[in-house]
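All chains are named by letter (A, B, ...) in the order of the sequence lines, taking the proteins before the strands, and each is independently numbered beginning at 1.
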Amino acid sequence: MGAGRMNVEDMAKSYEPGPIEDKWYAKWIEDGIFKADPNRDKPPFSIVIPPPNVTGSLHLGHALDNTLQDILCRAKRMLGFNVLWMPGTDHAGIATQNVVERSLMKDGVSRHELGREAFVERVWAWKEEYGSRIIGQLRKLGASCDWDRERFTMDGGLSRAVRRVFVELYNKDLIYRGKYLINWCPRCLTALSDLEVEHRELEGRFYSVLYRFADGGGGDGITVVTTRPETILGDTAIAVHPRDERNRHLAGRRVSVPITGRVIPVIEDNMVDPEFGTGAVKITPAHDPNDFLVGARHGLESIQVIDAHGVMSDEAGTYKGLDRFEARRAITEELKNLGALPAVDGRKHSVGHCYRCNTIIEPYLSEQWFVRAQSLAKADIEAVRAGAIRFVPEQWTQTYYQWMENIRDWCISRQLWWGHRIPAWHCADCGETTVSLETPISCKCGSANLTQDEDVLDTWFSSALWPFSTMGWPDDTDALRVFYPTSVLVTGFDIIFFWVARMIMMGLEFMGREPFRDVYIHALVRDEHGQKMSKSRGNVIDPLVIIDKYGADALRLTLTALTLQGRDIFMSESRIETYRFFLNKLWNASRFALMNLADAPGDIAPPGGGDEPHLRLHDRWIIARVSDVTSEMTRLLEGYFFGEAARLMYDFVWNELCDWYLEMSKPALRGDEGPCRKAASQKVLYHVFRDVLKLLHPIIPFVTEELWEAFAYGGGIIGRGEWPVAKSYAGAESAERDMAFLRDIVRAIRNLRAEVKLPPQKAAPMVSLRLKDPDKTAPVRENCDMVKLLAKVGEIELSPLDAPKPAKSIATVTADWELFFPVGGMMDVGREIARFEEEIKKLDAEMKRVSGKLANENFIQRAPAEVVEKERTALAEGEARKRRIEENLEGLRRQ
RNA sequence: GGGCAAUUAGCUCAGCGGGAGAGCGCCUCCCUCACACGGAGGAGGUCACUGGUUCGAAACCAGUAUUGCCCACCA
């Protein structure tokens, strides 16, 4: 009896993921199959997870990203690799601080009332309570991370790495501090890097402002154009281009700023575009990045008229205390009254917004820390150019180069409380700054009057170290030796610059090796209309809801199947349904197999292949196909063709295994063909399912695990089982060819049957199958076999092969064979005549095309011989076919 | 301003030099003892446009148009 195999009566009629998923996940953890061991004697394969924010909740982007990583890890484990998938979370500076601040606000407390130390404690407490939520959600998805190694970007080891990197970069003069104009968020009250600013096209205004001459020379004044009239309070010059014929004569003159009356010079600078506007531009060094540079070149004064909160400062005179946008309206009004506002034009321009809170960014003059990026970027470009790092899909390489080649210094200091405090101490006595691994006791000057820099580091600074900091760096660990560089990084294109580029930067600098060989960039998950999912749009699909409803496997399979290289994924619940149905199909096909294995022995030797006795064509065919699919699947996963891999399995299982093999094996399994055929069929069934479940396991681990157990394949858990081996055999090719032929015949019969409305099952049509060319003998034996098979599966009743051609019949041609279908009075003669006439018309057109082609000498000469041959055969067959149709037509007309 | 991608059936997309494919949707028939979360059949397309390369182009090249995305110190 089917030793250990599950009784089909115990299996639900349709697949219910319910408790199955939790059960298996717990079992996998218990058995420790996700654990990596550096001492294992197997080739290493490693991935570091893109650490989700501790504040995060699993969204579809995570679900996709981690499903793909999980597929790779599970497949590699089965392929015999020593797999490390390193998990963890990111402290997410601003995001987390904002979340905790908001929760404080509910109690009516601000972080300032609480004080820095107490606030940071609150964040840690919050992290303890909620920080593992996303980890739990990743487990629900089935992520096979080595959880014992879970890290957090602010844990002890990683903080040590961060400090070490900062100090070393500082000592190499790759980190510096200075007062510059940076991107400032007036709501978060912190500096932001260029990347953290999101530019959006907004409908804005161009204000033309008249600056009257104040030097007694001739003329009225100079008109300049600005989008930000409120900044004129901080103007310290007007600039023109030195070679601008129109305006050059203005250089050296003096004008007075409207409202303030401040007298400022007209200077020359190359930065001015003589073609733009009036060719003259106002210079506000404290409030515009370009103007800041001009100011520095010309030694201009910087007057800060807007403060950190985006409110007009003391320098703004009567406007002091007004919000920057209120001030804009008020100042515009006053300019108008002064007659200094000749024109206001509407115009689109792009405005920077904070990527965390969407507040409009204010360029702000302040003291910040920077990483000198240009010198580091050279090695980063080289590493990709030399092939040490490869982007998949390749198109991202271009994006990467472009950014790296134009890289600017990275502002790494944030005026936040949550994050890695900058390891720099300022001396109150001499003003010197000491940067050090350990907290210094005294300054170089001997003073003990030291205070640590208030700022923390950009979150992405610690993320940049993730591939090696998580493995124990700066210590020399086994993990680093075995698993660094990691094999592949899987992430979305939205963080190529934020994260991928900076990991490359830090990895090369501190490890001397690239952090990963391949970078697989996947697309964004959007809603079914291609819209970005967002809470405000209300189109968010919550993966956890999906998992509850359909199971993690359905979600994983859907995301995987929709992942085409480089394309965005449009997701909707109805799409998930398609793939859920597949799981059910697999489930029921397995039930069918198990049902038919009930009386088979427990351990079944694998079928031999072509020469195995008692195998029929379809048996040999499915064995060959499993082998093909195995090598194809292996190749696809190797090349990160996830969508293709998922669809390969989907199509194979459904359209080949279920629709053809299982159907055709029914007579033998029923015992209609005797005990030998039954045993042989059971053997094939058993081994086909074994390989299919293995191949599917990386994508849909839960259901395959459950079925693996039901089949009692043994050898432990499927995740540990070996990947199937593609094994072809002599005759595999002909089995596939013959099967294709057989399928054509069956389709032809069904087609006819549907046309004459012969109800299925009620009566099988009488047909005869005859070799077109009686001299040809080669496939006869095989095809007799096939015809018997057809009869067995109830498609046809046979008339003797040598029976005379029925008087009134339809002839359908397939390869070397003709199929005769005696129609009796079963069809609508008029309709059939029309159909034949239509067909002849089509044939004529086709033959005209082909014969035209064959008459073309160029074609004959230059096209490959087999192509020409193919066309010749097509022509000959077409003619023969036409003749036959005409014959039949003749017969029909006589009726 | 620079760059990247896309444009093929009603919808979502494969195909990337030898005469158009899938899934969903639609129509017809069938609750056949694995599965109606199923089975069988069918209808439906100038492959965005214009040139070029080629014996041959949906595919390669150039340009145009439309859409989406990224980058940029567009006062």
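- Distances from the side chain of A/Lys870 to the nucleotides B/C74, B/G18, B/G23 place B/G18 closest.
- Residue A/Lys348 is out of contact with every strand shown, counting any heavy-atom pair closer than 4.0 Å.
- Residue A/Phe570 places its side chain closer to B/U12 than to any other of B/U12, B/C74, B/A75.
- For the pair A/Ile232 CD1 and B/A75 P, the interatomic distance rounds to 17 Å; values are reported in whole Å.
- Only the C1' atoms considered, B/U28 is 49 Å distant from B/C70, to the nearest whole Å.
- Taking the charged nitrogens against the carboxylate oxygens, A/Arg328 and A/Glu230 do have a contact shorter than 4.0 Å, which makes a salt bridge.
- Of all nucleotides present, only B/C11 satisfies the Watson-Crick or G-U wobble test against B/G23, with each distance under 3.5 Å.
- For B/A75, there is no paired nucleotide, since no Watson-Crick or G-U wobble pair has both relevant distances below 3.5 Å.
- Base pairing of B/U64 is made with B/A48, judged by Watson-Crick or G-U wobble geometry with both donor-acceptor distances under 3.5 Å.
- Between A/Phe206 and A/His349, the ring-plane angle classifies as perpendicular under the 30° and 60° cut-offs.
- Pairing of B/A40, defined by two Watson-Crick or G-U wobble distances under 3.5 Å, is identified with B/U28.
- Atom C1' of nucleotide B/G18 and atom CZ of A/Phe859 are separated by 7 Å, given to the nearest angstrom.
- Distances shorter than 4.0 Å separate none of the side-chain N or O atoms of A/Lys585 from OP1 or OP2 on B/C37.
- For residues 275-297 of chain A, the pairs satisfying salt bridge (Lys or Arg N to Asp or Glu O under 4.0 Å) are A/Asp235-A/Lys282, A/Asp269-A/Arg297, with sequence neighbours left out.
- Residues passing the salt bridge (charged side-chain N to carboxylate O under 4.0 Å, His left out) test with A/Arg647, sequence neighbours excluded: none.
- Nucleotide B/C16 forms no Watson-Crick or G-U wobble pair with any nucleotide shown, as no partner meets the under 3.5 Å limit on both distances.
- Within 4.0 Å (heavy atoms only), A/Thr226 reaches sugar-phosphate atoms of the nucleic acid but no base atom.
- Contact check of residues 494-502 of chain A against RNA chain B (heavy atom, cut-off under 4.0 Å) returns A/Phe497.
- OP1 or OP2 of B/G39 sits under 4.0 Å from a side-chain N or O of A/Trp654.
- Computed from coordinates, the A/Asp288 CG to B/C74 P distance equals 9 Å when rounded to whole Å.
- Using N1 to N3 plus N6-O4 or O6-N4 for Watson-Crick, or N1-O2 and O6-N3 for G-U wobble, each under 3.5 Å, B/U54 pairs with nothing.
- For the C1' atom pair drawn from B/C26 and B/C16, the interatomic distance equals 30 Å after rounding to whole Å.
- Using a 4.0 Å heavy-atom criterion, one finds that A/Arg228 contacts no nucleic acid atom at all.
- The side chain of A/Asn584 lies closest to B/C37, out of B/A34, B/U12, B/C37.
- A/Asp194 meets the side-chain hydrogen bond (donor to acceptor under 3.5 Å, both in side chains) test with A/Asn183, A/Arg408; sequence neighbours excluded.
- Using a 4.0 Å heavy-atom criterion, one finds that A/Ser574 contacts no nucleic acid atom at all.
- Side-chain N/O atoms of A/Glu663 and base N/O atoms of B/A34 include a donor-acceptor pair closer than 3.5 Å.
- Using P as the reference atom, B/A57 and B/G51 are 13 Å apart when rounded to the nearest Å.
- Judged by distance alone, with hydrogens and angles left aside, the side-chain atoms of A/Gln402 form no donor-acceptor pair with the main-chain N or O of A/Thr399 at under 3.5 Å.
- B/C69 is paired with B/G3 under the criterion used here, namely a Watson-Crick or G-U wobble arrangement in which both key atom distances are under 3.5 Å.
- Of the candidates B/A34, B/U12, B/G18, B/U12 carries the atom nearest the A/Arg575 side chain, counting heavy atoms from C-beta on.
- Under the Watson-Crick or G-U wobble criterion, with both distances below 3.5 Å, B/C33 has no partner in any strand shown.
- Taking the centre of each ring, A/Trp396 and A/Tyr400 stay at or above the 6.0 Å mark.
- Ion pairing of A/Arg347 with A/Asp345 is absent here, as no side-chain N (NZ or NE/NH1/NH2) approaches a carboxylate O to less than 4.0 Å.
- Take A/Arg580 and apply the side-chain hydrogen bond (donor to acceptor under 3.5 Å, both in side chains) test, not counting sequence neighbours, and it matches A/Glu577.
- Note: CZ (A/Phe582) to P (B/A22) measures 18 Å, nearest angstrom.
- Ring centers of A/Tyr650 and A/Tyr579: under 6.0 Å apart, within the cut-off.
- Atoms CG (A/Leu524) and P (B/C4) sit 20 Å apart, rounded to a whole Å.
- Among the heavy atoms of the strands lying under 4.0 Å from A/Asp659 are primed sugar atoms or P, OP1, OP2 only; no base atom is included.
- Spacing between atom CD1 of A/Ile860 and atom P of B/C55 amounts to 14 Å, rounded to whole angstrom units.
- Following rounding to the nearest Å, A/Glu201 (CD) and B/C71 (C1') show an atom-to-atom distance of 13 Å.
- At a cut-off of 3.5 angstrom, the base of B/C74 holds at least one donor-acceptor pair with the side chain of A/Ser350.
- If you check every strand for non-hydrogen atoms under 4.0 Å, A/Val272 touches a base.
- Each of B/C55, B/C24, B/A75 was ranked by its minimum atom distance to the side chain of A/Val281; first place goes to B/A75.
- Set against B/C13, B/G38, B/C55, the side chain of A/Phe581 has B/G38 as its closest nucleotide.
- With B/C4, B/C55, B/C69 as the candidates, the nucleotide lying closest to the side chain of A/Asn858 is B/C55.
- Atoms CE (A/Met649) and C1' (B/A22) sit 17 Å apart, rounded to a whole Å.
- Residue pairs meeting the salt bridge (Lys or Arg N to Asp or Glu O under 4.0 Å) criterion with at least one partner in residues 866-875 of chain A, sequence neighbours excluded, are A/Lys853-A/Glu871.
- Glycosidic conformation at B/U46 (O4'-C1'-N9-C4 for purines, O4'-C1'-N1-C2 for pyrimidines): syn, within 90° of 0.
- A/Ala280 comes within contact range of at least one nucleobase, with a heavy-atom separation under 4.0 Å.
- For A/Arg591, counting side-chain heavy atoms from C-beta on, the closest listed nucleotide (B/C35, B/C55, B/C37) is B/C35.
- Considering only side-chain atoms of A/Glu16, the nucleotide from B/C37, B/G2, B/U54 that sits closest is B/C37.
- Distance from the side chain of A/His199 is smallest for B/A72 among the nucleotides B/C4, B/G18, B/A72.
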